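For the single chain, residues carry numbers from 1 onward in sequence order. Everything quoted here is computed from the prediction, not taken from an experiment.
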Amino acid sequence: MTLAPSHRHGQAVWSDTQLLYALEEVVETELNRHLKVAKEWMPHEYVPWSDGRNFDGIMGGEAWAPDQSKVSEVGRIALVVNLLTEDNLPSYHHEIATLFGRDGAWGTWVHRWTAEEGRHGIVMRDYLLTSRAVDPVQLERFRMEHMSEGFESDNQHSMLHTVAYVAFQELATRISHRNTGHHSGDPVCDRMLARIATDENLHMIFYRNLLGKAFELAPDQTMCAVRDVVVNFRMPGHGMPGFERAAAQIAIGGIYNLRIHHDDVLQPVLRFLKVLEIGGLGPEGLKAQEELGLYMGGLDDQATKFDEKREALLARRRARAERA
């Protein structure tokens, strides 16, 4: 097997295996940086255990009711979506372990990332049940349904597409958690999700820096991958029960919507890597760069229209509340 890429139109063409080997040193560097800055934290310290009491069932406790929850309605919806997304960690681990491998620096990172993500599901579920933030029966039924269906990534065909996807997706998850905390109405929830968001930001930095190196090695291929990922981006929880309705409520509630996706997720990564300014591209890379720029302009227009519709809807709701 040769590690040197082939060439087409004067541009290097890398296979997934060649890129994995070529990026191994960068992965090791980023892994060591991550381990130096990542701080150990304990999930149990973010859970208000003294608020807990038995539920109905075999323990003979009190059945859950909405008025027991300290979080806002949109907070409950977002918390369930966020936790169900974290619950699918076994599927995510399988996806990236298959693409990135389990050996060397890649394998060490895959397992470290999985271990850190595991804490997120632990602390969120403990908080939700102890504080009675959401219906535990519905939550478990949703979990069973979502995980029973499994998860299949839109980008499993390509290691490079996967790196591009997670660079944006980790930031999207960070923003979603952080905004959920802000809109939850519970300081305990806000503090917990801020802690999780810190992890997600470090994960984003790892993948973003890796994507930057990929642009140096294979600019055309990486540009095409970024174009494909941005244009077809979906959050990993898109297959969960009731996702479309929940996503609409989360969007109106200001937790995650087109404006946030454009301004706080896509643009920061694209700007940091200067994706739309990269020169020296071949025909395919140049075409992808132009299409990416056009898409971002169109998305900005869509976000503006959404903002207008959202504000009109919220104004009508305020007017009804005042009349009531």
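Applying the side chain to side chain donor-acceptor pair (under 3.5 Å) rule to Arg33 yields the partners Glu30; only residues at least two apart in sequence or on another chain are considered. Ser91 is linked by a side chain to side chain donor-acceptor pair (under 3.5 Å) to nothing, counting only residues two or more places apart in sequence or in another chain. Evaluation of the side chain to side chain donor-acceptor pair (under 3.5 Å) rule for Trp64 yields no partner, not counting sequence neighbours.
Counting heavy atoms from C-beta on, the side chains of Thr173 and Met235 come closer than 4.5 Å. Taking the side chain as every heavy atom from C-beta outward, Arg178 and Ile196 never approach each other to under 4.5 Å. Leu299 is listed as a side-chain neighbour of Leu266, based on a closest heavy-atom distance under 4.5 Å. At least one side-chain heavy atom of Arg317 sits under 4.5 Å from a side-chain heavy atom of Ile252. Looking at heavy atoms from C-beta onward, Glu170 lies out of side-chain contact with Phe206 at the 4.5 angstrom threshold. Side-chain atoms of Val163 and Leu99, non-hydrogen and from C-beta on, never get closer than 4.5 Å to each other.
Counting only N and O atoms by type, the side chains of Glu200 and His120 include a donor and acceptor under 3.5 Å apart. Checked by atom type, the side-chain pair His177/Glu86 shows a donor-acceptor distance below 3.5 Å. Side-chain N/O atoms of Glu116 and Trp41 include no donor and acceptor closer than 3.5 Å. There is no side-chain donor-acceptor pair under 3.5 Å between His146 and Asp87. Using a 3.5 Å distance cut-off with no hydrogens or angles, the side chains of His203 and Glu117 do pair a donor with an acceptor.
Checking side-chain atoms of Gln289 against main-chain N and O of Ile278 turns up a donor-acceptor pair under 3.5 Å. Judged purely by atom type and a 3.5 angstrom limit, Thr130 has no side-chain atom pairing as donor or acceptor with the backbone of Gly52.
Nearest approach of Trp106 to Glu24, heavy atoms of both residues: CD1-OE1, 3.0 Å. Scanning all heavy atoms of the two residues, the minimum distance from Ile255 to Ser176 falls at CG2-O, 3.8 Å. The two atoms that bring Tyr165 and Val229 nearest to each other are CA-CG1, 3.5 Å, heavy atoms only. Of all the heavy atoms in Thr162 and Asn155, the pair that sits closest is OG1-O, 3.0 Å. Between Phe168 and Val265, the closest heavy-atom pair is O-CG1, 3.5 Å. Looking at every heavy atom in both residues, Asn179 comes nearest to Gly254 through ND2-O, 4.1 Å.
Of the inter-residue distances, the one linking Arg102 atom CZ with Ile96 atom CD1 reads 9.5 Å to the nearest 0.5 angstrom. Distance CD1/Ile250 to OH/Tyr256: 11.0 Å, rounded to 0.5 Å. With rounding to the nearest 0.5 angstrom, the CZ atom of Phe215 is 4.5 Å from the CE atom of Met223.
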* Begin with the C-alpha distance, continue with both residues' side-chain angles, and end with the deciding distance and a verdict on side chain to side chain contact (heavy atoms under 4.5 Å, CB included) for Thr222 and Leu160. => CA-CA 7 Å; Thr222 306; Leu160 195 52; 3.7 Å; yes

* Pair Asp199-Arg195, salt bridge (Lys or Arg N to Asp or Glu O under 4.0 Å): steps then yes or no -> CA-CA 7 Å; Asp199 278 2; Arg195 176 59 259 187; 2.9 Å; yes

* Verdict with supporting geometry, Tyr207 and Trp109, ring pair (Phe, Tyr, Trp, His ring centres under 6.0 Å) -> CA-CA 11 Å; Tyr207 287 118; Trp109 166 254; 5.7 Å; yes

* Check the pair Asp186, Ser131 against side-chain hydrogen bond (donor to acceptor under 3.5 Å, both in side chains), reporting the backbone distance first and the verdict last. => CA-CA 10 Å; Asp186 181 10; Ser131 68; 5.3 Å; no

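The side-chain tip of Arg227 does not point at the ring of Tyr295 from less than 6.0 angstrom away and within 45° of straight on.
Other members of a hydrophobic cluster containing Leu294 are absent, since no ILVMFWY side chain comes under 4.5 Å of it, directly or through relayed contacts.
For the salt bridge (Lys or Arg N to Asp or Glu O under 4.0 Å) condition, the pairs that include at least one residue of residues 249-274, sequence neighbours left out, are Arg259-Asp263, Arg259-Asp300, Arg259-Asp307.
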Check: residues 67-76 side-chain donor-acceptor pairs under 3.5 Å, at least two apart:
unit_1	atom_1	unit_2	atom_2	d
Gln68	OE1	Ala65	N	3.4
Gln68	OE1	Arg132	NH1	2.9
Gln68	NE2	Glu62	OE2	3.1
Gln68	NE2	Ala63	O	3.0
Ser69	OG	Val71	N	3.3
Ser69	OG	Ala133	O	2.8
Lys70	NZ	Asp51	OD2	3.1
Ser72	OG	Gly75	N	3.1
Ser72	OG	His183	O	2.6
Arg76	NH1	Val71	O	3.4

